[in-house]
Amino acid sequence: MKKGLMLFFLFIAALTISAHEPQEEQKFSPEKFDAELHLFIINEAKLSPQEAAKFFPVYREMQNKQRGLYDCQRKLVTMTPNDESSCMKAIKERDDIDLEMKRIQKTYHERFLDLLPASKVYAVLKAEDKFYRHVFRRFNRNKPQFNWPQMQQQQRRGQQGNQK
């Protein structure tokens with residue numbers, strides 16, 4: 001058990017160190033992302049190695065179930081229904097996915113409470129939210145920003161062009 005725990009933390013440390021090395025090509029790595037998330041949660045929620053070893057297998061299980069639903073949501077967002085019945089079906093599917101997502105969260109939060117004190121579970125949830133906010137900000141810094149006034153002008157020109 002201790003050997004497995006030590007390997008787990010060495011793996012996370014190696015991924016973290018490699019994440020800080022300059023790389024010519026920045027590609028998204030799900031393993032690296034998960035390692036960063038787990039390390040962030042461990043630090044923010046102050047999880048002991050024993051708590052982390054109990055918690056993360058259950059947490060990964062929840063993430064895997066949620067990822068399947070995120071994939072379904074992504075497909076729905078890219079769809080463009082072209083009639084009322086297709087729109088109705090898409091809305092109901094999105095609602096069903098949202099409800100299933102909440103059901104999974106509730107189930108796993110209860111399982112987390114069996115593994116950790118409530119204060120640690122609460123700290124984990126806050127850490128997870130904080131991590132995703134950081135990632136979103138980091139992503140937006142590297143992404144070209146929208147120029148809303150310019151986009152509005154282009155829209156107006158397009159609408160004026162359609163009226164002529």
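Quick caveat: nothing in here was measured; it's all calculated off a predicted structure. For the single chain, residues carry numbers from 1 onward in sequence order.
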For residues 82-92, dump all side-chain donor-acceptor pairs below 3.5 Å to protein atoms at least two apart in sequence or in another chain.
residue	atom	partner	partner atom	Å
Asp83	OD1	Ser85	N	3.4
Asp83	OD1	Ser85	OG	3.2
Asp83	OD1	Ser86	N	2.7
Asp83	OD1	Ser86	OG	2.7

- side-chain contact (heavy atoms from CB on, under 4.5 Å) evaluation trace for Gln73 with Glu93: CA-CA 9 Å; Gln73 280 182 328; Glu93 284 181 45; over 6 Å; no
- Item | Inter-residue atom distance Leu37.CG - His134.NE2, 0.5 Å rounding | 12.0 Å
- Between atom CG of Leu69 and atom CG of Leu99, what is the distance when rounded to the nearest 0.5 Å? 11.0 Å
- Item | Salt-bridge contact Glu36-Arg138 (side-chain N to carboxylate O under 4.0 Å) | yes
- Task: Hey, could you give me the CD/OH distance between Gln63 and Tyr70, rounded to the nearest 0.5 Å?
- Result: 8.5 Å
- Message: Does Arg94 have more than 12 heavy atoms from other residues, nucleotides or ligands lying within 6.0 Å of its CZ?
- Response: no
- Message: Once rounded to the nearest 0.5 Å, what's the spacing between atom CZ of Phe112 and atom CD of Gln105?
- Response: 9.5 Å
Show the atom names and distances, to 0.1 Å, of all donor-acceptor pairs under 3.5 Å that link a side chain in residues 114-126 to residues at least two apart or in another chain.
residue	atom	partner	partner atom	Å
Lys120	NZ	Lys46	O	2.5
Lys120	NZ	Glu51	OE1	3.1

- Message: Just to verify, what does Arg74 make a side-chain hydrogen bond (donor to acceptor under 3.5 Å, both in side chains) with, not counting sequence neighbours?
- Response: Asp71
- Query: Is there side-chain contact between Val135 and Phe33, with heavy atoms separated by less than 4.5 Å?
  - Reply: yes
- Can you measure from CG (Asn140) to CZ (Arg137) and round to the nearest 0.5 angstrom? 10.0 Å
- Under the side-chain contact (heavy atoms from CB on, under 4.5 Å) test, residues paired with Ser29 that sit two or more places apart: Glu31, Lys32
- Message: If the condition is side-chain contact (heavy atoms from CB on, under 4.5 Å), which residues does Glu44 pass it with, not counting sequence neighbours?
- Response: Phe40, Ala127, Lys130
- Item | Pair Lys65 + Glu100, salt bridge at N-O below 4.0 Å | no
- Just how far is it from atom CZ of Phe131 to atom NE2 of His38, taken to the nearest 0.5 Å? 9.0 Å
- Between Lys102 and Asp96, is there a side-chain N and carboxylate O pair less than 4.0 Å apart? no
- Set of residues satisfying ring-ring contact (aromatic ring centres under 6.0 Å, His included) with respect to Tyr108, sequence neighbours excluded: none
- Could you please spell out the steps behind the side-chain contact (heavy atoms from CB on, under 4.5 Å) verdict for Thr107 and Met62? CA-CA 9 Å; Thr107 300; Met62 179 185 78; over 6 Å; no
- Should Phe28 and Phe136 be regarded as members of a common hydrophobic cluster, given that ILVMFWY residues are connected when their side-chain heavy atoms come within less than 4.5 Å of each other, either directly or indirectly? no
